S.K.: 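The following block contains the structure, expressed as structure tokens.
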Amino acid sequence: MWPRSAALLCGDGHRSLLLKPYAVNSRPAESSPNGERVRGVSRRRALSPLLSASAAAPLLGVITASPASTYSNPSEVPNPFQAYSARDYADAIWNLETSTYVRSHERENNEDCDVLTYEVMHPLGAEPDRSYVHIADEDNWWCSGSEGDALREEFDELEDSDENFYHGRPYENVTQRVPYFGTWADVNGNGVNSRTEIHARDLGSSTFSISGTYWDHYSGQYVNIGETETHGEHMIPVGHTWPEMQHRSRDDRVAYYNDHMNLTSTIGETNREKSGQTPSEWMPDNEDAHCAYGMTWTHIANKHRISLFQRDVDHLRELLWDCLEEELDGADALPEQRSSDLDWQTLPPESSPQEAEEEPGGGPREHYTSRDYTDALWNLENLARIRSVEREEREECDLQTHTVRHPRTGAETVYARIISPENSYCAGEQGDDLRAELDEQAEDDDSFFHGSPLAGQRRDYFGFWAADEGVNTRHRVLARDLTEVEWNSAETGVRDGDFYDPYTGDHAEYSAPDTVLDHLLPVEHAWIEMQHRSEDERKQFYNDPTNLLAVTAESQQDKGSQAPRNWMPEHQGFHCRYAMAWTSTAVKHGISLFDSDIRELRETLYRCAAEETAESGTVESVRRAELDWASLPPY
């Protein structure tokens, strides 16, 4: 235990060691105290294995570890800054996408008191959304007075009538930390509290005594604990957990507060600098600690059912892919070992990539295997280029710029064009002058392209349906998608048949004007890049049967040129196959996607993978040959 003279309660509620001037030993930040290097990251994504756990029941439960055994010495205390395997990072990505709750926040300003609302949702929509509400003043403290009392009474009534609505109070560190979470506890019965255990662990002590030098993972330096204020730091801060934790049992709060896998020793000054910030706002100065820090946020949020803001999910996703890629180091399969200190809600389905075989599978309306979905997610994260757009308004014409970034290398390509306020070709002197400037820039920069709107150029650039042995693409796709097909006498064209429209799920009879072929990933979306490709590349895209579907003219008009962020089929049973077609076409033909489209596709594909592996717990050994992925996952 700490001598009374050796500790002080800081303003953030942590007990601190010996408040002496900041003092560290300036050894190079190359290794941790045990001599193992904590891996850094290259800031690019890598891969993601698919997982599994059922789409419903297993996704809802929590796999909890057995109670901790008594730690007889500090080396037995779990350490969040350990060397994780590629499989650990794969498990983390799967749980981040399939079972870690996502949080949003809104603030409604009233005359005296504000209403703070946290909406929490399951990432795959497997549970009802939950609302956590509290009343606060402008400084986020308790708001007293008649308005506050009236609002609290109103929300108490809502809480009584809705099991997914929770009325709480704002977090006030000094006031609520000890009453709700307690002080450092002896959680495993060895007579030593968790703070002492983690300090002794980080000091590399042989007993639970506190003296010597520890490795500060945040700063990447050795620190003398007797000379420098040191805190037991919750990597996921108490304040972040508060919206949900205040409604949990005391046991749940104590378990979180004393979880060794969320605790590290760090300099008090650094702890105050970080405060309640999340990964998208703050990361350790020591980049070698980033992978373990990202693992900890993902693991603790998942284990203790703490929601994360979408911005933090996005940040952690990119970080974890980087760490996974680095750990794989070109290997074609995941290692077997998993850390015994990680307690995930679910685990990915078992997979044997070496046994996978290709088989023909038909068009986009046919069933895909679980391996197809794992392949799609791998390619979506590693190869699908990310598109953003900006528009600069001028007097008569606007400059529209699409920037396309590779998800792995970060290489950027810029596509610029001059358009009218109505998004068409902008004629006139100003338009000509701007186009001349863009032409000159395109000549000097291989990564810059000057284009134009698609209107009026579709046939010039893409032509008509390609024909092979007298039968063109339209009729080949019709013959594939229709039943009871009747050909003309020359057997060069379909003239009759039945089909179901996968966009609506309705049955339809074929008729030439009312049955159309739809490019699932539309020509209009692909145009930004396709305008600058070769004639052969445009022909291949336009006639790619894996991106073509027979539908009714009415449902095609409803969809138009919209992307997944704005439109998904009315028939929900087709969502998995629709997302597959968009992903495979984008990757195969090098067509970029907006981040909001990638988000929609990612969520859909993870849901599909979870559903397909729910019963078996394994990834199938068959993948569809027609998809012809550019890269295959090592799982």
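For clarity, every value in this text was computed on a predicted model and none was experimentally measured. Positions are given from 1, in the same order as the sequence printed here.
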S.K.: Check Arg538 against Gln531 and note the closest heavy-atom contact, atom names and distance.
M.R.: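 Closest approach of Arg538 to Gln531: NH1-O, 3.5 Å.
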S.K.: Any chance the side chains of Asn543 and Arg476 put a donor and an acceptor closer than 3.5 Å?
M.R.: no
S.K.: Is a side-chain donor-acceptor pair under 3.5 Å present for Asp439 with His450?
M.R.: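 There is such a pair between these side chains.
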S.K.: Between Asn302 and Thr100, do the side chains contain a donor N or O and an acceptor N or O under 3.5 Å apart?
M.R.: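 The criterion, which ignores hydrogens and geometry beyond distance, is satisfied for Asn302 and Thr100.
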S.K.: Do the charged groups of Asp314 and Arg317 touch, with an N to O distance under 4.0 Å?
M.R.: yes
S.K.: Side chain to side chain donor-acceptor pair (under 3.5 Å), that's the test. Do Asp88 and Ser85 meet it? Break it down for me.
M.R.: CA-CA 5 Å; Asp88 290 327; Ser85 70; 3.3 Å; yes
S.K.: Taking only distance into account, with no hydrogens and no angle test, what donor-acceptor pairs under 3.5 Å do side-chain atoms of residues 293-300 form with protein atoms, sequence neighbours excluded?
M.R.:
residue: Tyr293; atom: OH; partner: Lys274; partner atom: NZ; Å: 3.4
residue: Tyr293; atom: OH; partner: Trp297; partner atom: NE1; Å: 3.2
residue: Thr296; atom: OG1; partner: Ala292; partner atom: O; Å: 2.9
residue: Trp297; atom: NE1; partner: Met235; partner atom: O; Å: 3.1
residue: Thr298; atom: OG1; partner: Gly294; partner atom: O; Å: 2.9
residue: His299; atom: NE2; partner: Asp343; partner atom: N; Å: 2.9

S.K.: Side-chain donor-acceptor pair under 3.5 Å between Ser219 and Asp285, yes or no?
M.R.: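 Result is no, nothing qualifies.
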S.K.: Side-chain donor-acceptor pair under 3.5 Å between Glu390 and Thr401, yes or no?
M.R.: no
S.K.: Using distance alone, with no hydrogens and no angle criterion, decide if Asp501 and Thr552 have a side-chain donor and acceptor under 3.5 Å apart.
M.R.: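 Yes.
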S.K.: Regarding Asp372 and Thr369, do their side chains bring together a donor and an acceptor under 3.5 Å, going by distance alone?
M.R.: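 Side chains of Asp372 and Thr369: pair found under 3.5 Å.
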S.K.: Considering all heavy atoms of both residues, which atom of Phe594 and which atom of Arg387 are nearest to each other, and what is their separation?
M.R.: CD2-O, 3.2 Å
S.K.: Please enumerate all residues that pass ring-ring contact (aromatic ring centres under 6.0 Å, His included) together with Phe574, with sequence neighbours excluded.
M.R.: none
S.K.: Between Arg480 and Pro545 (side chain of the first, backbone of the second, donor and acceptor by atom type, cut-off under 3.5 Å), is there such a pair?
M.R.: yes
S.K.: Using 4.0 Å as the upper bound for N to carboxylate O, is an ion pair formed by Glu524 and Arg458?
M.R.: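 The answer is yes: the pair qualifies as a salt bridge.
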S.K.: Any idea how His217 and Trp215 line up, ring-wise: parallel (<30°), tilted (30 to 60°), or perpendicular (>60°)?
M.R.: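 The arrangement is perpendicular - the two ring planes meet at more than 60°.
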S.K.: If you measure only the distance, is there a donor-acceptor pair under 3.5 Å linking the side chains of Asp544 and Thr546?
M.R.: yes
S.K.: Angle between ring planes, Tyr84 versus Tyr89, binned at 30° and 60°: parallel, tilted or perpendicular?
M.R.: perpendicular
S.K.: Side-chain donor-acceptor pair under 3.5 Å between Ser592 and Arg405, yes or no?
M.R.: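 Result is no, nothing qualifies.
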S.K.: For the residue pair Ser631 and Asn379, confirm or rule out a side-chain donor-acceptor distance under 3.5 Å.
M.R.: no
S.K.: Consider ring pair (Phe, Tyr, Trp, His ring centres under 6.0 Å). Of Phe541, Tyr461, Tyr542, which one does Trp527 pass it with?
M.R.: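 Checked Phe541, Tyr461, Tyr542 against Trp527; only one passes ring pair (Phe, Tyr, Trp, His ring centres under 6.0 Å): Tyr461.
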S.K.: With a 4.0 Å cut-off, would you call Lys588 and Asp628 a salt bridge?
M.R.: no
S.K.: Mind telling me whether Phe309 and Tyr118 have parallel, tilted or perpendicular rings, with 30° and 60° as the class edges?
M.R.: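 Correct class here is tilted.
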S.K.: Pairing donors with acceptors under 3.5 angstrom, does anything connect the side chains of Glu273 and Thr270?
M.R.: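 Checked: Glu273/Thr270 side chains show no N/O donor-acceptor pair below 3.5 Å.
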S.K.: Tell me, with the steps shown, if Arg599 and Asp595 meet salt bridge (Lys or Arg N to Asp or Glu O under 4.0 Å).
M.R.: CA-CA 6 Å; Arg599 188 186 305 279; Asp595 190 62; 3.5 Å; yes
S.K.: So Tyr578 and Tyr503, would you call those rings parallel, tilted or perpendicular, with 30° and 60° as cut-offs?
M.R.: perpendicular
S.K.: If you compare all heavy atoms of Leu334 against all heavy atoms of Ala86, which two are closest, and at what distance to 0.1 Å?
M.R.: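 The pair with the smallest heavy-atom distance is CD2-CB, 4.0 Å.
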